[in-house]
Amino acid sequence: MAKAFDFKANVNKALADQQLRGNFAAAMGGFVLKRRALLSDPEETERLRAAVRAIRRRTLAKLPKLLQKLEENCTKNGIHVHWAETTDEANALVLSILRSHNATRLVKGKSMVSEEMHLNHFLEAHGIEVAETDLGEFIIQLAGEPPSHIIVPAVHKNRRQVGEIFHQHLPDTPLTEDIPELNAIARKTLRRKYMEADAGLSGVNFAVAETGTLCLVENEGNGRMCTTAPPLHIAVAGIEKVIEKLEDIHPVYRLLTASATGQLITTYFNMITSPRRKGERDGPDEIHLILLDNGRSDILADPELRQTLQCIRCGSCLNHCPVYTRIGGHAYGHVYPGPIGKILTPQMVGLDEAGKLTTASSLCNACEEVCPAMIPIPDLLRRLRSELNAPSGEGTVRGHGAGRSCTEAAVWKGWQLVNTTPKLNELATRMAGLLGDRLPAVGPLGAWMSARTRPKLARKSLHRRCREEGVDDV
Amino acid sequence: MRIYPEKPKNVYFFGTCLVDMAYPDAGMAGIRLLEREGLRVVYPQDQSCCGQPAYNSGYMDEAREVARKQLDSFPRDWPIIVPSGSCAGMMHRHYPKLFEGDPDYFRAKAFSNRVFELTEFLVRVCGIRLADKGAPVTVTWHSSCHAMREMGIIGICKDLIGQLENVTLVELEKEYECCGFGGTFSVKQPEISAAMVRDKAEAAFRTGAQVLLTADCGCLMNITGALDRMGLAMTGKHIAEFIWERTNG
């Protein structure tokens with residue numbers, strides 16, 4: 001089992017890695033510019049965002065009904081639908097489907113839900129050979145690392161590092177950092193995998209309830225290869241990935257690609273509605289859809305936190321986050337990094353395990369500003385912080401109260417008293433002005449002074465200046 | 001889009017706790033600028049803090065009680081002028097949320113509608129015109145997150161700077177990125193905050209400007225503290241103080 005989550009250690013390690021910081025600053029800066037170029041009309045962008053939010057909210061409001069409809073229509077189309085409450089159940093389902101086909105070689109398209117399930121480890125432990133085929137996933141699988149970003153999993157590597165990984169892990173591969181050459185190496189390796197695979201696994205961007213269609217958004221064509229070349233296709237999706245109608249796709253897809261990579265559309269948009277029909281030249285003989293809950297029902301049940309599930313996994317909040325840009329995805333220690341990870345992860349795994357993540361935000365609102373589904377991430381962070389600090393018995397999120405510190409609670413009570421008692425406030429301000437430059441640099445002041453000089457407090461407060469300089473009171 | 005009132009006779013001034021303790025000159029400058037526009041400025045001595053530190057830290061009850069104290073301290077139906085994008089954002093945007101389900105909800109809602117950031121009030125309501133009396137100087141501008149994303153006043157601030165004849169504004173690289181203060185964020189995550197503010201201080205220094213301007217004293221304290229610590233000779237100033245100094249001869 002992995003080591004206990006130590007966010008502070010992760011952060012310090014990431015901040016000390018100049019190469020990593022350089023790679024992230026460059027890549028994220030590029031994404032920010034591309035998005036800005038594509039969404040150059042702020043009014044149009046706001047209209048689109050409002051539309052996406054409305055679609056996502058409507059979907060979530062009737063999620064159980066839509067899921068039922070999705071199952072009916074998928075089944076009608078010949079897609080087998082399975083339900084998994086936990087990641088363990090989902091993993092077991094994948095394995096049993098593979099076993100029933102005697103499948104031992106699996107090619108995978110990119111899927112964050114499969115990361116959530118830690119599917120690769122599970123299958124490999126059961127003798128299945130798993131090959132990631134998204135270029136980024138392929139790179140990090142060779143390097144033995146988890147994704148560092150929701151949509152660009154190997155964004156933390158530059159081409160020199162990728163060249164080294166290929167050279168080290170792929171037999172007979174010369175060392176190169178030439179991008180076309182690196183692409184050719186990956187292509188050659190992956191072609192063979194598609195040919196030999198017994199089964200393909202993919203995620204789902206939109207599962208359309210109206211028609212029972214699974215949609216896959218991608219740029220490399222590997223998703224299409226995984227879902228058409230092998231005889232068996234397994235799709236995994238979080239239950240929130242359902243979308244009501246085909247016509248809902250357009251605005252969501254439009255903003256998904258624009259927010260994620262600054263693209264108007266992607267190179268491929270796959271719509272999978274049934275297994276191979278008689279007379280068709282390609283496609284799998286059998287398709288399975290596994291719908292995973294893993295805590296999503298609990299999130300859905302809370303009217304405020306439910307907004308977390310509006311996420312369409314574009315990664316834009318990561319690209320624009322000053323914290324993510326500096327520490328990278330691995331520091332978050334969980335599958336979903338960045339601002340969305342900071343609200344999603346603690347709800348999935350509990351505040352006792354990942355509550356610390358909620359403190360890693362300056363609440364600058366950059367994430368909220370760019371979120372295509374208008375998720376109020378800062379508001380949800382505040383909510384989770386209040387649950388983290390909740391007195392025992394209060395709060396609804398799993399692990400609430402785990403960050404409760406009596407000292408901190410007392411400090412805030414004291415702060416409240418000072419700020420509601422004018423005489424006390426006056427006294428405290430005066431004391432701070434007199435003693436401020438003599439206080440020892442420990443606690444908050446120590447943290448502050450690790451990177452800054454001591455704040456200079458005024459001898460005369462504004463309150464006092466106003467009195468002395470004749471500004472009217474009431 | 002916000003609808004602005006006619007220019008009133010009286011306004012309240014909310015100084016913010018940081019201005020009160022560390023930047024009273026900026027506060028006084030804000031008050032004098034309003035007075036020069038012909039307004040009577042009232043500074044209720046009972047005021048304290050907008051409540052944001054506790055609100056952002058998840059101590060909602062404590063935040064609400066301190067916020068309630070402000071509702072009590074500004075009873076008349078006058079605009080409340082705030083020389084800080086962040087505190088103005090708290091009072092204008094977040095008070096209604098903070099008081100949801102509270103008997104004071106409608107009072108908070110009415111209060112929040114009366115809150116204006118200083119520069120937006122000077123420009124949008126007073127129609128201020130500035131006559132620069134200072135020597136030529138180059139400045140750069142840091143868009144504090146909440147002035148930008150909660151109050152939407154960055155264009156206004158830059159227009160104001162543009163009114164000053166002898167002032168040249170140079171763009172700050174990644175102007176829109178957070179400086180890493182974030183209130184208790186700088187204490188809870190000092191390492192990340194330090195990385196952010198160092199980048200910001202370096203970028204500010206690289207502009208070659210003599211002065212860094214902002215509409216927020218939190219950012220100001222953060223960035224100037226880092227500049228000092230890194231030995232980078234550059235002054236930071238609140239925009240109100242800068243304007244007052246240059247136009248008051």
Side-chain angles (χ1 to χ4, degrees), chain A residues 8 11-12 15 21 322-323 326-327 358-366 368-369 379 382-389 408-409 412-413 415-416 418-420 422 425 429 432-433 443-444 447-458 460-467 469 471-474, chain B residues 13 15 17 19-25 27-28 31 40-46 48-49 51 53-60 62 65-66 68-69 75 97 145-146 149-150 176-178 180-198 221-222 225-226 228-229:
Chain A
K8 201 176 181 69
V11 164
N12 288 335
L15 288 174
R21 286 183 64 183
V323 173
R326 283 178 179 78
I327 63 175
T358 64
T359 65
S361 168
S362 64
L363 302 177
C364 77
N365 292 9
E368 182 180 22
E369 185 178 53
D379 282 346
R382 286 186 197 94
R383 161 75 189 275
L384 291 173
R385 286 178 184 184
S386 76
E387 294 239 348
L388 184 66
N389 301 325
E408 198 181 301
W412 286 115
K413 274 285 168 224
W415 170 88
Q416 177 192 327
V418 166
N419 282 291
T420 49
N425 190 25
T429 308
W448 175 267
M449 286 174 61
S450 65
R452 311 154 189 92
T453 48
R454 182 183 289 272
K456 291 173 194 70
L457 299 182
K460 278 188 191 178
S461 69
L462 182 63
H463 273 79
R464 192 159 153 203
R465 292 273 300 274
C466 282
R467 278 201 305 272
E469 296 176 33
V471 180
D472 287 345
D473 188 352
V474 282
Chain B
F13 197 80
C17 53
V19 170
D20 191 37
M21 280 194 295
Y23 294 97
D25 287 341
M28 285 314 298
I31 291 170
R40 175 175 167 257
V41 179
V42 174
Y43 182 90
Q45 288 282 333
D46 268 8
S48 53
C49 167
Y55 180 69
N56 280 350
S57 304
Y59 286 84
M60 301 306 176
E62 289 81 355
E65 291 321 309
V66 169
R68 205 187 309 276
K69 178 71 187 167
K97 272 184 265 182
C145 300
H146 298 156
R149 301 196 180 100
E150 292 189 342
Y176 296 124
E177 189 175 83
C178 178
F181 176 48
T184 50
F185 169 70
S186 57
V187 173
K188 295 254 180 189
Q189 294 291 347
E191 295 86 2
I192 306 174
S193 172
M196 286 162 72
V197 74
R198 281 194 197 112
M221 185 178 262
N222 190 36
D228 282 355
R229 184 64 186 260

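Each chain gets a letter, A, B and so on, in the order its sequence line appears, and its residues count up from 1.
Proximity to chain A (any heavy atom under 4.5 Å) is shown, for Glu65(B), by both the backbone and the side chain. Of the atoms belonging to Arg454(A), not a single heavy atom falls under 4.5 Å from chain B. No part of Thr358(A) comes within reach of chain B, as not one of its non-hydrogen atoms sits under 4.5 angstrom from that chain.
Taking 4.5 Å as the limit, every side-chain heavy atom of Tyr23(B) sits out of range of all side-chain heavy atoms of Leu462(A). Residues Pro24(B) and Arg464(A) are not in side-chain contact: their nearest non-hydrogen atoms beyond the backbone lie 4.5 Å or more apart. Phe13(B) places none of its side-chain heavy atoms less than 4.5 Å from the side chain of Cys466(A). Annotation: side chain of Val323(A) is in contact with side chain of Met196(B) (closest heavy-atom distance under 4.5 Å).
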Check your understanding: Checking side chain to side chain contact (heavy atoms under 4.5 Å, CB included) for the pair Glu191(B)/Lys8(A): CA distance, chi angles, key distance, verdict?
Key -> CA-CA 9 Å; Glu191(B) 295 86 2; Lys8(A) 201 176 181 69; 3.1 Å; yes
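Interface remark: of the candidates Ser57(B), Ser193(B), Cys178(B), Ala194(B), Ser57(B) forms the most heavy-atom pairs closer than 4.5 Å to chain A.
When all heavy atoms of Trp415(A) and Pro53(B) are compared, the pair lying nearest together is CZ2-CD, 4.1 Å. The two residues Arg21(A) and Ala195(B) have their closest heavy-atom pair at NH2-CB, 3.7 Å. Counting all heavy atoms, side chain and backbone alike, Ser186(B) lies closest to Arg452(A) at CB-NH2, 4.0 Å.
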